[in-house]
Amino acid sequence: MKTPTSPLSSGFGKTNRLHFGLAKDYFPAVLAGLIAVLISYAGPMLLMVQAAQAAHLSKELSSSWLWAVSVASGICSIGLSFRYKIPVICAWNTPGAALLVTGLMTVPYHHAIGAYIVAAAITFLIGVTGAFSKLVSVIPKSLCAAMLAGILFRFGVAVFANSHSEIVGAPLLTAIMFFAYLLFKRQSARYAIVLTLMTGIMVWGTFDWGSQTTKLATDAGWHLTFTKPVWSSPEFSLKAIISLGLPLAVLCLTGQQVPGIAVLRAAGFEKTPTSKLISMTGMASLIFAPFGAHGINLAAITAAICTGPEAHQQIKKRWVAGVACGIFYVLIGCFAGSLKDLFLMLPHALVSTVAGLALLGAIQNGLVNAMAAPEEREAALITFIVTASNFTILGLGAACWGILLGGASHFLLRKSSH
(Lines give C-alpha, C1' and ligand atoms only; values in the text may rest on other atoms or scores of the structure.)
Protein backbone atom coordinates (compact mmCIF):
# COMPACT_ATOMS: atom_id res chain seq x y z
CA MET A 1 0.00 0.00 0.00
CA LYS A 2 1.45 3.32 -1.08
CA THR A 3 1.91 6.08 1.44
CA PRO A 4 -0.10 9.09 0.28
CA THR A 5 1.99 12.09 -0.72
CA SER A 6 0.93 15.35 0.82
CA PRO A 7 0.25 18.27 -1.52
CA LEU A 8 2.73 20.35 0.48
CA SER A 9 5.68 17.97 -0.04
CA SER A 10 4.72 17.55 -3.69
CA GLY A 11 4.76 21.31 -4.09
CA PHE A 12 8.21 21.59 -2.53
CA GLY A 13 9.48 18.88 -4.87
CA LYS A 14 8.18 20.67 -7.93
CA THR A 15 9.67 23.96 -6.71
CA ASN A 16 13.08 22.39 -6.13
CA ARG A 17 13.04 20.79 -9.57
CA LEU A 18 12.04 24.13 -11.09
CA HIS A 19 14.89 25.94 -9.34
CA PHE A 20 17.38 23.26 -10.36
CA GLY A 21 16.18 23.44 -13.95
CA LEU A 22 16.55 27.22 -14.03
CA ALA A 23 20.01 27.05 -12.46
CA LYS A 24 21.12 24.45 -14.99
CA ASP A 25 19.62 26.42 -17.89
CA TYR A 26 21.29 29.71 -16.97
CA PHE A 27 24.58 28.31 -15.67
CA PRO A 28 26.48 28.90 -18.97
CA ALA A 29 25.28 32.53 -18.98
CA VAL A 30 26.45 33.06 -15.41
CA LEU A 31 29.73 31.39 -16.27
CA ALA A 32 30.19 33.66 -19.30
CA GLY A 33 29.75 36.66 -17.01
CA LEU A 34 32.34 35.29 -14.60
CA ILE A 35 34.89 34.64 -17.36
CA ALA A 36 34.33 38.15 -18.75
CA VAL A 37 35.07 39.65 -15.34
CA LEU A 38 38.07 37.38 -14.82
CA ILE A 39 39.58 38.50 -18.12
CA SER A 40 38.87 42.16 -17.33
CA TYR A 41 40.70 42.03 -14.02
CA ALA A 42 43.54 39.78 -15.09
CA GLY A 43 44.37 41.93 -18.14
CA PRO A 44 43.22 45.56 -18.53
CA MET A 45 43.34 46.19 -14.77
CA LEU A 46 47.12 46.03 -14.98
CA LEU A 47 47.11 49.28 -16.96
CA MET A 48 45.36 51.10 -14.12
CA VAL A 49 47.79 49.66 -11.59
CA GLN A 50 50.70 50.87 -13.73
CA ALA A 51 49.14 54.32 -14.12
CA ALA A 52 48.54 54.63 -10.37
CA GLN A 53 52.13 53.60 -9.63
CA ALA A 54 53.55 56.00 -12.23
CA ALA A 55 51.53 58.89 -10.75
CA HIS A 56 52.55 57.87 -7.20
CA LEU A 57 48.94 57.67 -6.05
CA SER A 58 48.37 56.50 -2.51
CA LYS A 59 47.03 53.01 -1.86
CA GLU A 60 43.71 54.56 -0.83
CA LEU A 61 43.34 56.55 -4.06
CA SER A 62 44.38 53.67 -6.32
CA SER A 63 41.98 51.30 -4.52
CA SER A 64 39.19 53.86 -4.82
CA TRP A 65 39.90 54.09 -8.56
CA LEU A 66 39.49 50.32 -8.94
CA TRP A 67 36.37 50.40 -6.75
CA ALA A 68 34.81 53.17 -8.85
CA VAL A 69 35.30 51.58 -12.27
CA SER A 70 34.26 48.14 -10.96
CA VAL A 71 31.07 49.21 -9.20
CA ALA A 72 30.07 51.64 -11.97
CA SER A 73 30.61 48.97 -14.64
CA GLY A 74 28.62 46.49 -12.57
CA ILE A 75 25.67 48.80 -11.97
CA CYS A 76 25.50 49.71 -15.67
CA SER A 77 25.73 46.06 -16.75
CA ILE A 78 23.00 44.96 -14.34
CA GLY A 79 20.63 47.86 -14.99
CA LEU A 80 20.93 48.05 -18.78
CA SER A 81 20.88 44.26 -19.30
CA PHE A 82 17.78 43.85 -17.12
CA ARG A 83 16.02 46.89 -18.61
CA TYR A 84 16.52 46.03 -22.29
CA LYS A 85 16.87 42.23 -21.98
CA ILE A 86 20.11 42.17 -23.96
CA PRO A 87 23.59 41.30 -22.63
CA VAL A 88 25.00 44.80 -22.13
CA ILE A 89 28.53 44.39 -20.81
CA CYS A 90 30.10 47.57 -19.52
CA ALA A 91 33.71 48.12 -18.50
CA TRP A 92 36.29 50.82 -17.99
CA ASN A 93 38.01 52.73 -20.78
CA THR A 94 41.00 50.44 -21.48
CA PRO A 95 42.77 52.62 -24.10
CA GLY A 96 42.11 55.54 -21.79
CA ALA A 97 43.89 53.69 -18.98
CA ALA A 98 46.85 53.20 -21.31
CA LEU A 99 46.88 56.96 -21.93
CA LEU A 100 46.92 57.61 -18.18
CA VAL A 101 50.06 55.54 -17.66
CA THR A 102 51.97 58.61 -18.86
CA GLY A 103 49.20 61.23 -18.72
CA LEU A 104 48.69 61.20 -14.96
CA MET A 105 52.34 62.11 -14.43
CA THR A 106 51.85 65.47 -16.18
CA VAL A 107 48.90 66.93 -14.25
CA PRO A 108 47.83 67.09 -10.59
CA TYR A 109 45.35 64.38 -9.63
CA HIS A 110 42.52 66.81 -8.84
CA HIS A 111 42.95 68.34 -12.30
CA ALA A 112 42.76 64.83 -13.78
CA ILE A 113 39.45 64.30 -11.97
CA GLY A 114 38.15 67.49 -13.62
CA ALA A 115 39.29 66.15 -17.01
CA TYR A 116 37.42 62.88 -16.32
CA ILE A 117 34.23 64.85 -15.72
CA VAL A 118 34.65 66.79 -18.98
CA ALA A 119 35.19 63.55 -20.92
CA ALA A 120 32.13 61.98 -19.29
CA ALA A 121 30.00 65.04 -20.08
CA ILE A 122 31.02 64.89 -23.75
CA THR A 123 30.08 61.21 -23.95
CA PHE A 124 26.76 61.86 -22.22
CA LEU A 125 25.83 64.74 -24.54
CA ILE A 126 26.74 62.79 -27.69
CA GLY A 127 24.54 59.94 -26.48
CA VAL A 128 21.58 62.13 -25.50
CA THR A 129 21.55 64.10 -28.76
CA GLY A 130 21.48 60.89 -30.82
CA ALA A 131 24.58 61.89 -32.80
CA PHE A 132 26.33 58.61 -31.97
CA SER A 133 23.34 56.51 -33.03
CA LYS A 134 23.19 58.25 -36.41
CA LEU A 135 26.90 57.67 -36.96
CA VAL A 136 26.70 53.95 -36.15
CA SER A 137 23.61 53.43 -38.33
CA VAL A 138 25.48 54.41 -41.52
CA ILE A 139 28.32 51.93 -40.97
CA PRO A 140 27.76 48.75 -43.03
CA LYS A 141 27.21 45.61 -40.94
CA SER A 142 30.04 43.82 -42.74
CA LEU A 143 32.54 46.46 -41.61
CA CYS A 144 31.33 46.21 -38.00
CA ALA A 145 31.75 42.44 -38.15
CA ALA A 146 35.21 42.80 -39.70
CA MET A 147 36.26 45.29 -37.03
CA LEU A 148 35.06 42.91 -34.32
CA ALA A 149 37.02 40.03 -35.84
CA GLY A 150 40.10 42.25 -36.11
CA ILE A 151 39.89 43.33 -32.48
CA LEU A 152 39.55 39.76 -31.25
CA PHE A 153 42.04 38.22 -33.69
CA ARG A 154 45.09 38.96 -31.55
CA PHE A 155 43.50 37.13 -28.62
CA GLY A 156 43.20 34.00 -30.73
CA VAL A 157 46.80 34.37 -31.87
CA ALA A 158 47.92 34.85 -28.26
CA VAL A 159 46.86 31.29 -27.41
CA PHE A 160 49.43 29.79 -29.73
CA ALA A 161 52.01 32.52 -29.12
CA ASN A 162 52.38 31.02 -25.65
CA SER A 163 54.17 28.09 -27.27
CA HIS A 164 57.19 30.41 -27.75
CA SER A 165 57.03 31.80 -24.21
CA GLU A 166 60.18 31.59 -22.12
CA ILE A 167 58.15 31.59 -18.90
CA VAL A 168 58.47 28.28 -17.08
CA GLY A 169 55.52 25.99 -17.78
CA ALA A 170 53.65 28.37 -20.12
CA PRO A 171 53.90 26.24 -23.31
CA LEU A 172 52.89 23.03 -21.50
CA LEU A 173 50.03 24.73 -19.64
CA THR A 174 48.71 26.15 -22.92
CA ALA A 175 48.98 22.78 -24.68
CA ILE A 176 47.13 20.96 -21.90
CA MET A 177 44.34 23.56 -21.86
CA PHE A 178 44.02 23.56 -25.66
CA PHE A 179 43.61 19.79 -26.00
CA ALA A 180 41.36 19.73 -22.93
CA TYR A 181 39.19 22.34 -24.64
CA LEU A 182 38.87 20.19 -27.77
CA LEU A 183 37.87 17.14 -25.73
CA PHE A 184 35.38 19.10 -23.62
CA LYS A 185 33.95 20.86 -26.69
CA ARG A 186 33.31 17.49 -28.32
CA GLN A 187 31.35 16.32 -25.29
CA SER A 188 29.58 19.54 -24.28
CA ALA A 189 30.03 22.86 -26.05
CA ARG A 190 28.14 24.70 -23.29
CA TYR A 191 30.59 23.77 -20.55
CA ALA A 192 33.82 23.53 -22.56
CA ILE A 193 35.22 26.88 -21.41
CA VAL A 194 34.53 26.42 -17.69
CA LEU A 195 36.01 22.92 -17.74
CA THR A 196 39.05 24.25 -19.61
CA LEU A 197 39.44 27.04 -17.05
CA MET A 198 39.18 24.57 -14.17
CA THR A 199 41.73 22.31 -15.87
CA GLY A 200 44.16 25.21 -16.26
CA ILE A 201 43.80 26.26 -12.62
CA MET A 202 44.30 22.67 -11.42
CA VAL A 203 47.42 22.22 -13.56
CA TRP A 204 48.83 25.58 -12.48
CA GLY A 205 48.10 24.86 -8.82
CA THR A 206 49.61 21.37 -9.03
CA PHE A 207 52.91 22.41 -10.62
CA ASP A 208 52.97 25.90 -9.04
CA TRP A 209 54.81 27.47 -11.99
CA GLY A 210 56.15 30.81 -10.84
CA SER A 211 55.64 29.80 -7.15
CA GLN A 212 52.66 32.15 -6.98
CA THR A 213 50.39 29.75 -5.07
CA THR A 214 53.16 29.18 -2.55
CA LYS A 215 53.63 32.91 -2.21
CA LEU A 216 49.91 33.40 -1.61
CA ALA A 217 49.82 30.68 1.05
CA THR A 218 52.82 32.11 2.91
CA ASP A 219 51.98 35.80 2.54
CA ALA A 220 50.81 36.69 6.03
CA GLY A 221 50.39 40.34 5.10
CA TRP A 222 47.52 39.73 2.70
CA HIS A 223 43.96 39.87 3.98
CA LEU A 224 40.54 40.54 2.50
CA THR A 225 39.14 43.97 3.37
CA PHE A 226 36.41 46.24 2.08
CA THR A 227 37.59 49.00 -0.21
CA LYS A 228 36.59 52.47 0.97
CA PRO A 229 35.86 54.95 -1.84
CA VAL A 230 37.70 58.25 -1.58
CA TRP A 231 36.13 61.48 -2.87
CA SER A 232 38.52 63.78 -4.76
CA SER A 233 37.17 67.25 -5.45
CA PRO A 234 37.61 68.12 -9.13
CA GLU A 235 39.60 71.10 -10.32
CA PHE A 236 39.37 72.22 -13.93
CA SER A 237 42.39 73.33 -15.93
CA LEU A 238 42.73 73.88 -19.66
CA LYS A 239 45.92 71.83 -19.77
CA ALA A 240 44.28 68.77 -18.19
CA ILE A 241 41.17 69.08 -20.35
CA ILE A 242 43.21 69.25 -23.57
CA SER A 243 45.81 66.63 -22.62
CA LEU A 244 43.47 64.17 -20.84
CA GLY A 245 39.79 65.10 -21.12
CA LEU A 246 39.41 65.35 -24.89
CA PRO A 247 41.64 62.31 -25.68
CA LEU A 248 39.72 60.23 -23.12
CA ALA A 249 36.42 61.16 -24.78
CA VAL A 250 37.74 60.32 -28.26
CA LEU A 251 39.25 57.02 -27.12
CA CYS A 252 36.03 56.11 -25.32
CA LEU A 253 33.79 56.79 -28.31
CA THR A 254 36.02 55.39 -31.06
CA GLY A 255 37.95 52.68 -29.25
CA GLN A 256 35.22 51.36 -26.94
CA GLN A 257 31.69 52.49 -27.75
CA VAL A 258 31.83 51.84 -31.51
CA PRO A 259 33.28 48.31 -31.10
CA GLY A 260 30.85 47.69 -28.24
CA ILE A 261 27.85 48.44 -30.44
CA ALA A 262 29.44 46.39 -33.24
CA VAL A 263 29.65 43.37 -30.93
CA LEU A 264 25.95 43.60 -30.08
CA ARG A 265 24.96 44.04 -33.72
CA ALA A 266 27.16 41.17 -34.87
CA ALA A 267 25.58 38.91 -32.23
CA GLY A 268 22.10 39.57 -33.59
CA PHE A 269 20.91 42.37 -31.30
CA GLU A 270 19.84 44.67 -34.12
CA LYS A 271 17.42 46.79 -32.07
CA THR A 272 20.01 47.92 -29.57
CA PRO A 273 19.03 51.30 -28.02
CA THR A 274 22.38 52.84 -28.94
CA SER A 275 21.78 56.40 -27.74
CA LYS A 276 20.48 55.28 -24.36
CA LEU A 277 23.41 52.93 -23.77
CA ILE A 278 25.93 55.66 -24.61
CA SER A 279 24.21 58.31 -22.51
CA MET A 280 23.77 56.03 -19.48
CA THR A 281 27.42 54.97 -19.47
CA GLY A 282 28.32 58.65 -19.78
CA MET A 283 26.10 59.44 -16.79
CA ALA A 284 27.74 56.68 -14.75
CA SER A 285 31.14 58.11 -15.65
CA LEU A 286 30.02 61.53 -14.41
CA ILE A 287 28.79 60.17 -11.08
CA PHE A 288 31.83 58.04 -10.32
CA ALA A 289 34.52 60.37 -11.70
CA PRO A 290 35.19 62.09 -8.32
CA PHE A 291 36.01 58.65 -6.90
CA GLY A 292 38.61 58.05 -9.61
CA ALA A 293 36.68 56.50 -12.52
CA HIS A 294 38.34 57.67 -15.73
CA GLY A 295 35.49 56.43 -17.95
CA ILE A 296 32.79 53.76 -18.21
CA ASN A 297 31.72 52.45 -21.59
CA LEU A 298 30.45 49.43 -23.49
CA ALA A 299 32.88 46.54 -23.55
CA ALA A 300 33.93 44.83 -26.76
CA ILE A 301 36.29 41.95 -26.03
CA THR A 302 34.59 40.67 -22.89
CA ALA A 303 31.17 41.44 -24.36
CA ALA A 304 31.85 38.99 -27.18
CA ILE A 305 32.01 36.22 -24.57
CA CYS A 306 28.58 37.09 -23.18
CA THR A 307 26.72 37.81 -26.43
CA GLY A 308 27.43 34.59 -28.33
CA PRO A 309 25.89 31.11 -28.20
CA GLU A 310 28.46 30.06 -25.59
CA ALA A 311 26.51 32.17 -23.08
CA HIS A 312 23.18 30.57 -24.07
CA GLN A 313 21.85 28.86 -27.15
CA GLN A 314 18.70 31.00 -26.99
CA ILE A 315 19.50 34.60 -27.83
CA LYS A 316 16.60 35.90 -25.71
CA LYS A 317 18.19 34.46 -22.55
CA ARG A 318 21.69 35.84 -22.99
CA TRP A 319 20.84 39.01 -21.07
CA VAL A 320 21.38 36.96 -17.90
CA ALA A 321 25.10 36.94 -18.71
CA GLY A 322 25.10 40.73 -18.55
CA VAL A 323 23.40 40.74 -15.16
CA ALA A 324 25.76 38.06 -13.84
CA CYS A 325 28.77 39.98 -15.12
CA GLY A 326 27.53 43.10 -13.34
CA ILE A 327 26.98 41.28 -10.06
CA PHE A 328 30.51 39.86 -10.15
CA TYR A 329 31.87 43.34 -10.94
CA VAL A 330 30.15 44.83 -7.90
CA LEU A 331 31.15 42.00 -5.56
CA ILE A 332 34.79 42.11 -6.62
CA GLY A 333 34.78 45.90 -6.67
CA CYS A 334 33.86 46.00 -2.99
CA PHE A 335 37.16 44.23 -2.28
CA ALA A 336 39.09 45.68 -5.23
CA GLY A 337 42.02 46.90 -3.17
CA SER A 338 42.70 43.40 -1.82
CA LEU A 339 41.64 41.24 -4.76
CA LYS A 340 43.78 43.01 -7.35
CA ASP A 341 46.81 41.21 -5.93
CA LEU A 342 45.12 37.84 -6.47
CA PHE A 343 44.22 38.58 -10.07
CA LEU A 344 47.74 39.79 -10.79
CA MET A 345 49.04 36.41 -9.59
CA LEU A 346 47.21 34.47 -12.30
CA PRO A 347 49.73 33.38 -14.96
CA HIS A 348 49.48 35.22 -18.26
CA ALA A 349 49.40 31.93 -20.19
CA LEU A 350 46.29 30.77 -18.32
CA VAL A 351 44.39 34.03 -18.78
CA SER A 352 45.35 34.51 -22.45
CA THR A 353 44.51 30.89 -23.30
CA VAL A 354 41.06 31.02 -21.68
CA ALA A 355 40.35 34.38 -23.34
CA GLY A 356 41.45 33.22 -26.78
CA LEU A 357 39.53 29.94 -26.65
CA ALA A 358 36.40 31.66 -25.31
CA LEU A 359 36.54 34.14 -28.22
CA LEU A 360 36.98 31.61 -31.05
CA GLY A 361 33.25 31.56 -31.72
CA ALA A 362 33.05 35.35 -31.84
CA ILE A 363 36.03 35.54 -34.21
CA GLN A 364 34.44 32.93 -36.46
CA ASN A 365 31.07 34.71 -36.56
CA GLY A 366 32.78 38.03 -37.23
CA LEU A 367 34.67 36.66 -40.23
CA VAL A 368 31.60 34.90 -41.61
CA ASN A 369 29.43 38.02 -41.35
CA ALA A 370 32.21 40.22 -42.73
CA MET A 371 32.38 38.16 -45.92
CA ALA A 372 28.63 37.59 -46.29
CA ALA A 373 28.04 40.34 -48.88
CA PRO A 374 30.24 39.82 -52.00
CA GLU A 375 30.23 43.50 -52.95
CA GLU A 376 31.53 44.49 -49.50
CA ARG A 377 34.18 41.81 -49.02
CA GLU A 378 37.24 43.83 -50.02
CA ALA A 379 36.30 46.77 -47.82
CA ALA A 380 35.58 44.34 -44.97
CA LEU A 381 38.95 42.65 -45.51
CA ILE A 382 40.71 46.01 -45.33
CA THR A 383 38.84 46.80 -42.11
CA PHE A 384 39.87 43.46 -40.63
CA ILE A 385 43.56 43.78 -41.56
CA VAL A 386 43.88 47.37 -40.35
CA THR A 387 42.11 46.61 -37.07
CA ALA A 388 44.12 43.43 -36.47
CA SER A 389 47.38 45.35 -36.97
CA ASN A 390 46.75 46.99 -33.57
CA PHE A 391 48.60 50.24 -34.31
CA THR A 392 47.99 53.77 -33.06
CA ILE A 393 48.36 56.91 -35.17
CA LEU A 394 47.50 60.47 -34.04
CA GLY A 395 46.14 59.06 -30.81
CA LEU A 396 43.53 56.93 -32.60
CA GLY A 397 43.61 53.16 -32.23
CA ALA A 398 43.50 50.53 -34.94
CA ALA A 399 39.77 49.89 -34.49
CA CYS A 400 38.99 53.51 -35.35
CA TRP A 401 41.35 53.50 -38.35
CA GLY A 402 39.90 50.17 -39.46
CA ILE A 403 36.41 51.64 -39.68
CA LEU A 404 37.65 54.86 -41.31
CA LEU A 405 39.77 53.17 -43.99
CA GLY A 406 37.26 50.38 -44.47
CA GLY A 407 34.46 52.91 -44.83
CA ALA A 408 36.48 54.94 -47.33
CA SER A 409 37.21 51.76 -49.30
CA HIS A 410 33.56 50.78 -49.25
CA PHE A 411 32.50 54.21 -50.52
CA LEU A 412 35.13 54.45 -53.28
CA LEU A 413 34.81 50.86 -54.50
CA ARG A 414 31.02 51.10 -54.58
CA LYS A 415 31.17 54.31 -56.57
CA SER A 416 33.67 52.89 -59.05
CA SER A 417 31.56 49.78 -59.65
CA HIS A 418 28.49 51.79 -60.73
For the pair [X] (side chain) and [Y] (backbone), establish whether a donor and an acceptor sit closer than 3.5 Å, ignoring hydrogens and angles.
X	Y	value
R318	T307	yes
Q256	A300	no
S62	K59	yes
S64	V230	yes
T199	A180	no

To the nearest 0.5 angstrom, please state how far the [atom1] atom of [X] sits from the [atom2] atom of [Y].
X	Y	atom1	atom2	value
F179	F184	CZ	CZ	13.5 Å
I261	M147	CD1	CE	10.0 Å
L183	L195	CG	CG	11.0 Å
L104	H111	CG	NE2	13.0 Å
N297	N93	CG	CG	5.0 Å
H294	Y116	NE2	OH	7.0 Å

W92 and Y329 aromatic ring geometry - parallel, tilted or perpendicular at 30°/60° bounds: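 It falls in the perpendicular class, over 60°.
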
Evaluation steps, side chain to side chain donor-acceptor pair (under 3.5 Å), between T123 and Q257: CA-CA 10 Å; T123 303; Q257 304 287 34; 5.5 Å; no

Over 12 non-hydrogen atoms of neighbours within 6.0 angstrom of CZ in F226: no

Atom of [X], atom of [Y] and distance for their closest heavy-atom approach:
X	Y	result
C334	W67	CA-CD1, 4.2 Å
I296	S73	CD1-OG, 3.7 Å
A51	A97	CB-O, 4.3 Å
P290	I113	CA-CG2, 3.8 Å
L244	A112	CD1-CB, 4.0 Å
V159	T174	O-CG2, 3.1 Å

Listed by chain and number, what are the side-chain contact (heavy atoms from CB on, under 4.5 Å) partners of [X], not counting sequence neighbours?
X	value
A249	A119, I122
A36	T302, C306, C325
V157	F153

Step-by-step side chain to side chain contact (heavy atoms under 4.5 Å, CB included) determination, T353 to L173: CA-CA 9 Å; T353 300; L173 176 62; over 6 Å; no

Distance-only side-chain donor-acceptor flag, S63 / W65, under 3.5 Å: no

Any non-hydrogen side-chain atom of [X] less than 4.5 Å from a side-chain atom of [Y]?
X	Y	result
I287	M283	yes
L38	F328	no
S232	Y109	yes
M48	V69	yes
C76	M280	no

Step-by-step side chain to side chain contact (heavy atoms under 4.5 Å, CB included) determination, V118 to F236: CA-CA 9 Å; V118 171; F236 299 92; 4.1 Å; yes

Sequence neighbours left out, cut at 3.5 Å: what donor-acceptor pairs do the side chains of residues 370-384 make with other protein atoms?
{"unit_1": "E376", "atom_1": "OE1", "unit_2": "S142", "atom_2": "OG", "d": "2.5"}
{"unit_1": "R377", "atom_1": "NE", "unit_2": "M371", "atom_2": "O", "d": "2.7"}
{"unit_1": "R377", "atom_1": "NH2", "unit_2": "M371", "atom_2": "O", "d": "3.3"}
{"unit_1": "T383", "atom_1": "OG1", "unit_2": "A379", "atom_2": "O", "d": "2.9"}
{"unit_1": "T383", "atom_1": "OG1", "unit_2": "G402", "atom_2": "O", "d": "3.4"}

Candidate pair T227 and L66, rule side chain to side chain contact (heavy atoms under 4.5 Å, CB included), full reasoning: CA-CA 9 Å; T227 297; L66 296 176; over 6 Å; no

Candidate pair V71 and F288, rule side chain to side chain contact (heavy atoms under 4.5 Å, CB included), full reasoning: CA-CA 9 Å; V71 173; F288 285 88; 4.1 Å; yes

Please tabulate, for side-chain N and O atoms in residues 271-278, each donor-acceptor pair with protein atoms closer than 3.5 Å (sequence neighbours left out).
{"unit_1": "T272", "atom_1": "OG1", "unit_2": "F269", "atom_2": "O", "d": "2.6"}
{"unit_1": "T274", "atom_1": "OG1", "unit_2": "T272", "atom_2": "O", "d": "3.4"}

Show which side-chain atoms of residues 78-90 pair as donor or acceptor with protein atoms under 3.5 Å away, not counting sequence neighbours.
{"unit_1": "S81", "atom_1": "OG", "unit_2": "S77", "atom_2": "O", "d": "2.7"}
{"unit_1": "S81", "atom_1": "OG", "unit_2": "I86", "atom_2": "O", "d": "3.4"}
{"unit_1": "S81", "atom_1": "OG", "unit_2": "V88", "atom_2": "N", "d": "3.0"}
{"unit_1": "S81", "atom_1": "OG", "unit_2": "V88", "atom_2": "O", "d": "3.1"}
{"unit_1": "K85", "atom_1": "NZ", "unit_2": "F82", "atom_2": "O", "d": "2.6"}

Distance flag, aromatic centroids of F160 and F178, threshold under 6.0 Å: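 That pair passes the under 6.0 Å test.
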
